[in-house]
Amino acid sequence: MSFYGVDLSSRLLLGTARYPSPAILAEAVKASGAEVVTVSLRRESGAQRAGQTFWSFIRELGLRVLPNTAGCHSVKEAVTTAHMARELFGTRWIKLEVIGESDTLQPDVFGLVEAARILAEDGFEVFPYTTEDLVVADRLVQAGCRVLMPWGAPIGSARGLNNLYGLKALRAHFPDIPLVVDAGIGVPSHAAAAMELGYDAVLLNTAVAEAGDPAGMARAFALAIEAGRLAFLAQPLEPRDMAAPSTPVIGKAVLGG
Amino acid sequence: MRIFLNGDARDTEATTLDGALSALGFRDAVIATAVNGRFVAKGARQATTLAEGDAIEVVAPLQGG
């Protein structure tokens with residue numbers, strides 16, 4: 001799997017927020033096998049300098065970081081945040097979020113496309129957090145995105161894949177663009193289902209961070225994602241409405257009754 | 001001169017962004033900055049002069065999903 005020319009072997013991208021402690025975050029990252037972790041940027045206090053400690057911690061993990069524009073509600077905010085992230089983290093990668101609705105944290109897809117175009121023209125490698133809408137996805141690709149990250153369900157909702165049909169259609173429509181289900185995943189079976197659809201990777205955070213045993217859950221997700229990928233490659237059966245006996249009928253003894 | 005640092009009013013004698021950041025505890029810190037909503041790259045901080053009422057945003061890495 002490759003994002004913007006960077007080859008990765010793990011198909012799990014892990015968020016770094018909401019863990020009970022940095023030590024548990026480190027354990028979960030290790031157990032997940034993730035090679036990419038998402039990070040954010042927030043106001044820093046000159047007295048506490050909390051961000052400095054966190055940055056040292058992340059650098060010690062030795063992983064690639066994918067900074068986000070979480071919480072941005074306008075194109076201007078998202079673009080400015082992306083510039084700050086590029087300088088701070090030294091990467092052209094940006095997980096672009098432009099939020100349009102506070103209850104569902106649904107992307108503002110109009111602002112998203114505009115921000116993606118501005119950033120792509122400025123040399124950013126954009127990972128847009130979007131919906132499963134095909135036309136929006138097409139616009140994002142036209143804007144220069146070479147990865148798409150449709151939601152499974154609203155962020156942190158743990159509802160899984162709300163629109164299987166839409167996600168399948170997106171996969172069929174964009175066979176050559178890496179697709180990552182980002183947000184809404186609750187349990188490993190949700191992640192496996194996304195991978196069985198042929199998605200390239202899964203990005204999750206809360207499902208691991210807020211599990212009773214984050215490291216254990218990270219391992220469970222890693223296995224589910226691998227299982228789902230193997231199942232996709234092995235070409236699963238299509239569902240059918242009627243039964244089809246697995247045991248051969250021919251040769252069955254005739255016993256009457 | 002009164003400026004706003006991450007939304008809080010602060011008094012500073014510094015006339016440049018770089019000077020204000022040093023005076024406000026950010027010397028050698030890994031940060032990114034904006035003034036009045038516009039990104040100011042690290043290399044441009046010294047040449048960025050401040051005016052009364054300017055709003056400075058200083059951000060650093062933090063956990064994210």
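All figures in this text were calculated on a predicted structure; none of them were measured in a lab. So you know, we letter chains A, B, ... as the sequences are listed, proteins then strands, and number each from 1. In what follows, every heavy atom counts, from backbone to side chain, and hydrogens, waters and symmetry copies are set aside.
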### Message
When you compare the side chains of A/T80 and B/R38, does any donor N or O come within less than 3.5 Å of an acceptor on the partner?
### Response
no
### Query
So, A/R43 and A/S45: side-chain donor and acceptor under 3.5 Å apart, yes or no?
no
### Task
Name the member of B/L21, B/V40, B/V30, B/L24 that forms the most heavy-atom pairs with chain A at distances under 4.5 Å.
B/V30
### Task
Find the one option among A/P22, A/G51, A/S40, A/G15 whose heavy-atom pairs under 4.5 Å with chain B are most numerous.
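Max contact count across the listed options: A/S40.
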### Summary
Heaviest contributor of heavy-atom pairs below 4.5 Å to chain B, chosen from A/K95, A/M84, A/R86, is A/M84
### Query
Is chain B contacted by the side chain of A/F57, its backbone, both, or neither, given a heavy-atom distance below 4.5 Å?
neither
### Task
Heavy-atom distances under 4.5 Å only: say whether A/R42 touches chain B with side chain, backbone, both or neither.
both
### Message
Measuring centre to centre across the rings, with the benzene-like ring taken for any Trp, is A/W55 within less than 6.0 Å of A/F89?
### Response
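Yes, they do, as the ring centres are separated by less than 6.0 Å.
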### Query
Considering the options B/D11, B/D54, B/D8, which one meets the salt bridge (charged side-chain N to carboxylate O under 4.0 Å, His left out) requirement together with B/R2?
B/D11
### Message
Would you say that more than 12 heavy atoms from the other residues, nucleotides or ligands in this model lie under 6.0 Å from the CZ of A/F110, or not?
### Response
no
